[in-house]
Amino acid sequence: MSKILVMNCGSSSVKFQVLQMPEENVLAKGVFERIGLDQGHYSIQFNETEKLKEDKNFSNHEEAIQLLGKKLLELKIIESYSEIQAVGHRVVHGGEKFHDAVVITDKVIADIEACTDLAPLHNPANLTGIFECQKLLPNTPAVAVFDTAFHQTMPESSYLYSLPYEYYEKYGIRKYGFHGSSHKYVTQRAAELLQRPIEQLRLISCHIGNGVSIAAVEGGKSIDTSMGFTPLAGVAMGTRSGNIDPALIPFIMDKTGKTANEVVFDILNRKSGMLGVSGISSDLRDIEDAAQEKIGRAETALEIFASRIHKYLGSYTARMYGVDAIIFTAGVGENSSVIREKVLKGLEFMGVYWDPALNKVRGKEAFVNYPHSPVKVIVIPTNEEVMIARDAIRVLANH
Ligand SMILES: Nc1ncnc2c1ncn2[C@@H]1O[C@H](COP(=O)(O)OP(=O)(O)O)[C@@H](O)[C@H]1O
Ligand SMILES: CC(=O)OP(=O)(O)O
Ligand SMILES: [Mg+2]
């Protein structure tokens with residue numbers, strides 16, 4: 001029996017859980033949201049029924065994690081840090097180096113740092129999580145669990161770009177894919193809810209948060225996904241452009257005098273997506289409110305956001321010669337009936353019959369299809385943290 005702290009530093013949030021393993025009892029969990037934005041807030045659930053909620057702005061991930069460290073003791077979630085026997089960290093980009101979770105060493109940290117260029121919004125936040133926890137728990141073993149690991153099963157025809165092959169050999173240029181712990185959790189959970197062996201299922205998992213990725217999961221294995229070499233690719237996101245014509249990069253450089261790095265890091269990663277189109281916010285709640293009041297281009301931003309996901313449903317259904325269930329997860333996928341409605345609209349032609357009344361659901365597991373629908377549609381709150389905890393104890397047991 002051991003207590004594990006799981007840290008999930010996303011691009012706009014810090015999520016954590018304290019779990020009793022292997023029972024998977026959740027002793028506490030919480031989220032620090034809108035990091036780097038105004039109207040920040042956090043909430044922590046503990047002691048089974050208690051909940052702390054507070055408005056507080058966080059200028060960066062470090063501030064949020066330091067507060068978490070204090071609250072763990074203040075709320076008596078633990079009596080002392082020595083009770084925590086291991087820490088599991090979500091790390092977004094494992095590049096070529098990591099195919100599975102690993103115990104964190106100085107060498108592992110250096111290798112994660114080396115992947116920072118490939119996930120500029122994420123690996124630095126993940127490293128902040130690792131360093132802050134090392135300060136609090138200097139002698140506690142820690143494990144890095146990579147978003148890229150679940151997608152290692154993709155076939156060559158999915159992960160190779162149609163580029164000169166030597167770039168793959170020389171530089172590791174390929175599709176890696178992200179949100180792996182989430183896609184793995186929700187697809188396994190979908191098989192349980194469908195009461196069918198996962199080996200027989202063709203699933204499309206839509207992880208729609210601040211970052212968005214769609215995965216085609218056949219027989220429990222990822223066979224394709226919308227993100228690519230970096231988490232910039234695929235559909236439009238909160239601040240990320242998703243796929244664009246690559247010729248736009250030198251064109252924008254020419255017009256604006258920016259360097260290639262500035263265009264990719266500052267414009268395509270941070271100032272595009274819903275924020276770029278609407279000029280209002282990267283946060284879907286703000287965009288939904290603005291669209292209701294018909295402010296600016298909020299409605300257009302919603303349409304762009306949803307229509308790109310909608311098209312992936314068609315694409316991955318073709319890819320798997322059919323689909324048994326479509327899954328919605330993460331902040332938007334779990335909560336926004338507006339986005340799910342736009343994504344699912346008109347898909348009756350491929351056997352998707354969904355019930356607008358059931359689709360009103362927020363933040364809990366639910367089927368939203370009509371019972372007779374050949375393709376099921378399921379909302380499943382993700383649980384990246386439990387997958388990270390499972391990987392952490394597996395890796396430590398073999399260590
Ligand atoms: N109740 C809600 N209704 C609509 N959107 C929501 C709701 N709760 C969260 N979201 C959206 O989810 C997104 C954040 O998702 P999340 O999965 O927490 O992101 P990340 O892990 O990438 O930081 C934000 O765009 C936020 O507006
Ligand atoms: C990989 C990725 O985009 O993660 P997040 O959704 O946490 O930003
Ligand atoms: Mg996330």
Side-chain angles (χ1 to χ4, degrees), residues 7-16 30-37 39-43 58 61 64 90-94 115 118-126 129 145-151 176-183 185-186 206-215 225-242 269-270 273-275 278 280-292 298 301-302 305-306 328-342 360-364 379-385 387-388:
M7 298 295 298
N8 174 356
C9 299
S11 50
S12 71
S13 64
V14 172
K15 295 177 185 145
F16 81 96
V31 55
F32 298 71
E33 281 188 277
R34 294 180 64 105
I35 292 176
L37 301 177
Q39 294 169 37
H41 50 93
Y42 73 98
S43 70
F58 303 99
H61 288 76
R90 174 182 180 216
V91 178
V92 164
H93 214 312
C115 297
L118 307 185
L121 303 183
H122 297 90
N123 277 29
N126 306 150
V145 179
F146 299 94
D147 266 38
T148 40
F150 179 62
H151 298 294
Y176 287 103
F178 303 91
H179 294 133
S181 300
S182 177
H183 290 305
Y185 174 81
V186 297
C206 304
H207 178 109
I208 316 178
N210 187 46
V212 185
S213 76
I214 318 301
T225 190
S226 60
M227 283 182 171
F229 180 60
T230 77
L232 176 57
V235 298
M237 312 182 206
T239 64
R240 285 168 253 171
S241 61
N269 267 298
R270 293 193 169 90
M274 282 193 294
L275 172 65
S278 71
I280 295 169
S281 172
S282 60
D283 192 297
L284 185 87
R285 287 164 286 202
D286 300 340
I287 304 291
E288 282 189 357
D289 292 347
Q292 281 250 314
L302 286 183
F305 187 78
F328 286 95
T329 193
V332 175
E334 292 163 23
N335 293 299
S336 173
S337 54
V338 171
I339 290 295
R340 288 194 301 259
E341 184 178 322
K342 288 181 189 291
K360 294 273 180 271
V361 65
R362 258 179 202 281
K364 60 173 192 245
V379 173
I380 305 181
T382 195
N383 194 343
E384 291 165 299
E385 293 76 20
M387 300 311 268
I388 293 168

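Side chains are part of it too, since the values below use all heavy atoms of this structure and drop only hydrogens, waters and symmetry mates. In this chain, residues are counted from 1 in sequence order. Numbering of ligands and ligand atoms starts at 1, following listing order.
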Check your understanding: How far apart are the closest heavy atoms of Ser282 and Met274, and which atoms are they?
Key -> O-CE, 3.7 Å

Check your understanding: For Lys342, which residues count as a salt bridge (charged side-chain N to carboxylate O under 4.0 Å, His left out) partner, sequence neighbours excluded?
Key -> Glu299, Glu303

Point to revise | Flag for His179-Thr225: side-chain donor and acceptor within less than 3.5 Å | key: no

Check your understanding: For Gly228 and Phe178, which heavy atoms make the closest approach, and how far apart are they?
Key -> O-CE1, 3.3 Å

Study note, to complete from the structure: Closest heavy-atom pair, Met387 versus Ser181, reported as atoms and distance to 0.1 Å, is CG-O, 3.4 Å

Quick check for students: name every N or O atom pair between ligand 2 and the protein closer than 3.5 Å, with distances.
residue	atom	partner	partner atom	Å
ligand 2	3 (O)	His122	NE2	3.3
ligand 2	3 (O)	His179	NE2	3.4
ligand 2	3 (O)	Arg240	NH1	2.8
ligand 2	3 (O)	Arg240	NH2	3.3
ligand 2	4 (O)	Arg90	NH2	3.0
ligand 2	4 (O)	His122	NE2	3.0
ligand 2	4 (O)	His179	NE2	3.1
ligand 2	6 (O)	His179	NE2	2.7
ligand 2	6 (O)	Gly211	N	3.2
ligand 2	7 (O)	Arg90	NH1	3.0
ligand 2	8 (O)	Ser11	OG	2.5
ligand 2	8 (O)	His122	NE2	2.6
ligand 2	8 (O)	Arg240	NH2	2.9

Point to revise | Side-chain donor/acceptor of Asn383 to backbone N/O of Tyr185, under 3.5 Å | key: no

Point to revise | All side-chain hydrogen bond (donor to acceptor under 3.5 Å, both in side chains) counterparts of Asp286, not counting sequence neighbours | key: Arg34, Ser281

Review point. Below 4.5 Å, heavy atoms only, C-beta onward: do Ile208 and Leu284 meet side chain to side chain?
Key: no

Practice item. Indicate the atoms forming the closest heavy-atom contact of Arg240 with Asn269, along with that distance. Key: CG-O, 3.3 Å

**Study point:** Residue contacts for ligand 1, heavy atom to ligand atom, distance under 4.0 Å
**Key:** Ser11, Ser12, Ser13, Lys15, Gly209, Asn210, Gly211, Asp283, Leu284, Arg285, Ala330, Gly331, Val332, Asn335, Arg362

